Structures are given as C-alpha cells and as structure tokens.
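Numbering of residues begins at 1 and proceeds along the displayed sequence. Being a predicted model, the structure only gives us computed values, none of them experimental. All heavy atoms count here, side chains included; hydrogens, waters and symmetry mates do not.
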Amino acid sequence: MSSPVSFGMPENTSSNHQVRPFIYATTTSRSLMFSHSEIQSRMWTKDPSALNLEYTRIMMAFLLFNPKPRRIAMVGLGGGSLAKFCYQHLPSTRIDVYEINPHVIALRDSFHVPRDDERFAVLQGDGAELIKQYRDEYDAVLVDGYDIKGLPPQLTTEAFYQSCFDALAPDGMMVGNFHASNFEFGTYLGRIKKTFSGSVIEVNDTACAHSIVFACRGDTLKRRRGLPKSKPDGMSAEMWLCLAPTYWPMLV
C-alpha cells in the first residue's frame, strides 16, 4: 500500500485573502484539507458520489419529510460530497451551491463535482449574501460552509438564519452542520430556535463530533411519525436502506 500524498499546501495568495486548500490522497480516498489537523471533505476514489463521512449522511435526513425536493441550496462546496450525492440521486431537483473560496471551486474536477448545467450550478460568493436574493424558493438549505478557522461568523448570525428561513418554501428545511466542540454552539442553536419558532431537532453523529441541526419553516418536524412512505424517485431501494440507520433519531 502506497503512502499518502499531499498535493500542495495552503497559501494565502488570493486577492480576497481566501486560503488555498490542498488535496490529501491515499490509494482509496482523496480529501480536501486546509490543514493537516482536519479533513474538510473526503471522497472514495472508487465511488466519488458516496457520502463518506457520517455527518453528511445524517444531513440527508431532510428527505424523510420531502423525498422529492424541487430546489436545494447548499452553502459551502468543499469537496462536493453533498452536491454530488444530490445530483446523482435527485435527478429532478435543481441544485444551487454557494462557495466563497475560488480555490475550492478550482478543485471541483479533482473531486468529480458535476459541470454546471440546467439543474446544477456552483456560484462563487458569500452564501450569507447570496441566500438573501430568494423568498419562498428552496425546499432545503444545507449549510456546511467551513474555512481554515472553522465556521465563518456570517453563517452564525440571526440575520443569516432569518435569510435562510425567508428563502425556504413552506415546510422547507434548513440543515446545518456544527462541530460539537464549538463552545458557541449553544448560542447558535438558540438563534436557530428563535428564528424557526422552536421547530428544531438536533442529531449527533455516533462519535459525537458533529451536531446536525434540522430547522423547519412550518410544523413538519412536530408531526413526524414512523417511517417515510416513499423514497426519492431517483434513488435505489438499496441506497435508501443504506442511509436509513442514520435517520432513526429523526423519527423518535
């Protein structure tokens, strides 16, 4: 088995001071990283569209409540794990991805992120600003935008959560990934609960490293009972069953 290989190191060379990430590769995987201490995104080289990290599988649990989303926004591209998965398994869904760092976007081909087309687009810009353009538009807003310092401050404000709420269609859902070790997480969660009138569920991964927050514009989360009656049309039954174990906490 060959040794891991790093392609480049992070640099502060861009005019807008965005840090340049690097790729960390092994014989089975490829990871996007800003530093050697933390993986931002990881891809299996034999299955580029698979959700390699558990927290990404948990984030997809919004499909329990809307298996046929019309349009999804994603704040943060990273290695494109969520974007690729949704593009492959939700063929009728339009997907907008907001990514502030041009160096991350420049690596999209290395992580097999789809080309822009009539239903998929990667847009360079601050997601906190771009989401403000929309009202009653998205069935889901997936927030997973991290940089070398962690969660950017503009993605944790009451104003940002209000913008996400406004951009959601009725019964739409915002899903946010938070590092469980973030000492300000309680503050962020309080802001989300305030914005979404308490229609919020928190789910931890098995390692308790990530807290995934689901916040609904409406009372769909309060009505959850039993297993979903349908799966996404474009998703195989095998894939749906593979994801199911990560969904159980949503059904309690």
Side-chain angles (χ1 to χ4, degrees), residues 4-26 29-45 47-57 59-60 72-88 94-117 119-133 138 140-156 160 163-164 174-179 182 209-210 212:
V5 178
S6 294
F7 298 98
M9 291 296 292
E11 300 175 10
N12 251 333
T13 58
S14 65
S15 59
N16 59 359
H17 305 295
Q18 294 294 333
V19 174
R20 189 186 303 273
F22 64 98
I23 297 172
Y24 183 78
T26 71
S29 69
R30 184 173 296 174
S31 300
L32 180 78
M33 306 179 74
F34 287 109
S35 71
H36 285 290
S37 63
E38 188 170 2
I39 293 173
Q40 296 291 323
S41 183
R42 186 169 62 201
M43 176 187 76
W44 294 128
T45 51
D47 190 359
S49 295
L51 293 177
N52 183 285
L53 300 176
E54 183 189 10
Y55 86 86
T56 60
R57 298 193 292 273
M59 290 184 72
M60 293 304 300
I72 296 173
M74 299 181 182
V75 179
L77 173 66
S81 297
L82 292 168
K84 290 180 291 184
F85 186 86
C86 289
Y87 186 80
Q88 177 175 332
R94 182 174 173 182
I95 303 164
D96 300 329
V97 185
Y98 307 143
E99 173 55 56
I100 195 171
N101 191 333
H103 303 306
V104 170
I105 297 175
L107 294 177
R108 63 186 294 174
D109 290 345
S110 297
F111 287 92
H112 300 270
V113 174
R115 296 285 185 177
D116 289 4
D117 59 24
R119 68 179 189 89
F120 182 85
V122 176
L123 308 170
Q124 184 184 337
D126 186 347
E129 293 299 320
L130 294 175
I131 198 70
K132 293 178 182 179
Q133 304 174 57
Y138 291 110
V141 175
L142 309 183
V143 184
D144 188 26
Y146 281 79
D147 58 26
I148 194 169
K149 296 180 180 179
L151 189 59
Q154 68 268 30
L155 301 184
T156 67
F160 172 67
S163 295
C164 290
M174 183 189 79
V175 185
N177 170 43
F178 296 88
H179 290 173
N182 190 324
H210 295 264
I212 311 304

Got a donor-acceptor contact below 3.5 angstrom from the [X] side chain to the [Y] backbone?
X: K84; Y: H112; answer: no
X: S29; Y: T26; answer: no
X: Q154; Y: A128; answer: no
X: N101; Y: V19; answer: yes
X: R108; Y: P114; answer: yes

(message) Any non-hydrogen side-chain atom of K149 less than 4.5 Å from a side-chain atom of F34?
(response) no
(message) Taking the side chain as everything from C-beta on, heavy atoms only, tell me whether Y98 gets closer than 4.5 Å to V143.
(response)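 In short, these two side chains do not touch, never coming nearer than 4.5 Å.
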(request) Can you label the angle between the H210 ring and the Y55 ring as parallel, tilted or perpendicular, going by 30° and 60°? (result) parallel
Rounded distance [0.5 Å steps], [atom1] in [X] versus [atom2] in [Y]:
X: L107; Y: I23; atom1: CG; atom2: CD1; value: 4.5 Å
X: I100; Y: I105; atom1: CD1; atom2: CD1; value: 10.0 Å
X: Q40; Y: L77; atom1: CD; atom2: CG; value: 11.5 Å
X: R57; Y: N52; atom1: CZ; atom2: CG; value: 7.5 Å
X: R20; Y: I148; atom1: CZ; atom2: CD1; value: 13.0 Å
X: I131; Y: Y138; atom1: CD1; atom2: OH; value: 5.5 Å

If I compare all heavy atoms of [X] with all of [Y], which pair ends up nearest, and what's the gap?
X: P21; Y: L32; value: CB-CD1, 3.7 Å
X: D147; Y: P152; value: OD2-CG, 3.7 Å
X: T56; Y: L82; value: O-CD2, 3.7 Å
X: Y146; Y: N177; value: OH-O, 2.8 Å
X: V141; Y: C164; value: CG1-SG, 4.1 Å
X: M74; Y: C86; value: CE-SG, 3.6 Å

(message) One pair to check against side chain to side chain contact (heavy atoms under 4.5 Å, CB included): F111 and V104. What are the steps and the verdict?
(response) CA-CA 10 Å; F111 287 92; V104 170; over 6 Å; no
(request) Output yes when K132 and E129 qualify as a salt bridge under the 4.0 Å nitrogen-oxygen rule, no when they do not. (result) yes
(request) Give a yes/no verdict on a cation-pi contact between R42 and Y24, requiring under 6.0 Å between NZ or CZ and the six-membered ring centre and an angle within 45° of the axis. (result) no
